[in-house]
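Take a look at the structure set out below.
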Amino acid sequence: MNVQPKEKIGAGIKAISIITIVFYCIQLLYSVYALVFKDQLNSQLAQQGVNTTFSLNEIIVPIIFSVLMIVSIVLILLKNTIGIFAYYIVYISSIIYTIFQSGFSTSILIGLILPVLMAIFLYQKRAIFKGKEII
């Protein structure tokens, strides 16, 4: 019998995935909270003299990005190639949305650290994903 050991996801991919999942779960919880208590938050902002308020668009889009990012990371951990594509498509879309929403800032560049590290770790373990169908 010629049994080949299964390739494992590296510790770097797991660590970056856990950090990213925790971050996006917190963002998801915050966004759902903001969605549920939008009226109370807007009234509190008005009482404090802040002119801006939360709109539905500012709450729904981060929820969608969070869910898609969590799903893509789970697909990466399941060694599915579509997860890699989804991870970077969602991340680039999130950056573009942030730039349109609030303009370009240096914090966007700082936020590129985890995806770049993920790309390095995925490139090192690319043999896991080779030969697998995308869908």
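Index from 1, following the sequence.
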TODO: For the pair E58 (side chain) and S55 (backbone), establish whether a donor and an acceptor sit closer than 3.5 Å, ignoring hydrogens and angles.
DONE: yes
Open item on the list: In this structure, would M69 and V22 fall into the same cluster of hydrophobic residues linked by side-chain contacts under 4.5 Å?
Closed with: no
TODO: Check step by step if side chain to side chain contact (heavy atoms under 4.5 Å, CB included) holds for L112 and Y91.
DONE: CA-CA 9 Å; L112 291 174; Y91 197 80; 3.7 Å; yes
Open item on the list: When you compare the side chain of L75 with that of Y87, does any pair of heavy atoms fall below 4.5 Å?
Closed with: no
Open item on the list: Just verifying a value: how many Å separate S66 OG and I21 CD1, rounded to the nearest 0.5 Å?
Closed with: 12.0 Å
- [ ] Evaluate the side-chain proximity of L35 to L56: yes if any heavy-atom separation is below 4.5 Å, no if none is.
- [x] yes
Task: Residues, nucleotides or ligands: over 12 heavy atoms within 6.0 Å of Y30 OH - done: no
- [ ] To the nearest 0.5 Å, tell me how far I13 CD1 sits from I120 CD1.
- [x] 11.5 Å
- [ ] Output the distance between atom NZ (K8) and atom NZ (K14), rounded to the nearest 0.5 Å.
- [x] 7.0 Å
Open item on the list: I'd like to know if the side chain of Y88 and the backbone of P115 have a donor-acceptor N/O pair within less than 3.5 Å.
Closed with: yes
- [ ] Group every Ile, Leu, Val, Met, Phe, Trp and Tyr by side-chain heavy-atom contacts under 4.5 Å, then state whether I18 and I84 land in the same group.
- [x] no
Task: For L41 against A34, the heavy-atom pair lying closest together - done: CD1-CA, 3.7 Å
Open item on the list: Any heavy-atom pair between the side chains of F121 and I9 that's under 4.5 Å?
Closed with: no
Open item on the list: Rounded to the nearest 0.5 Å, what separates atom CD in Q27 from atom CD1 in I70?
Closed with: 9.0 Å
Open item on the list: Taking L28's backbone N and O only, do any of them form a donor-acceptor pair with S31's side chain (distance below 3.5 Å, no angle check)?
Closed with: no
Task: Parallel, tilted or perpendicular: ring planes of F37 versus Y33, cut at 30 and 60 degrees - done: tilted
- [ ] Could you tell me whether the side chain of L45 reaches within less than 4.5 Å of the side chain of F54, counting heavy atoms only?
- [x] yes
Open item on the list: Hydrophobic cluster membership, with links at side-chain heavy-atom distances under 4.5 Å among I/L/V/M/F/W/Y: are I113 and M118 in one?
Closed with: yes
Open item on the list: Which residue in the set T98, I99, I92 passes side-chain contact (heavy atoms from CB on, under 4.5 Å) when paired with I95?
Closed with: I99
Open item on the list: Do Y24 and I26 land in one hydrophobic cluster if side-chain heavy atoms of ILVMFWY residues count as linked below 4.5 Å?
Closed with: no
Task: Reported CD1-to-CG distance for the pair I73 and L68, which is rounded to 0.5 angstrom - done: 11.0 Å
TODO: Rounded to the nearest 0.5 Å, what's the gap from CG on L29 to CD1 on I63? Could you check?
DONE: 10.0 Å
- [ ] Taking the six-membered ring of Y123 (Phe, Tyr or Trp), confirm whether the NZ or CZ of R126 is under 6.0 Å from its centre and within 45° of its axis.
- [x] yes
- [ ] Indicate, with yes or no, if L109 and F23 share a hydrophobic cluster defined by side-chain heavy-atom contacts under 4.5 Å among Ile, Leu, Val, Met, Phe, Trp and Tyr.
- [x] yes
Task: Min side-chain heavy-atom separation L122-I76 under 4.5 Å - done: yes
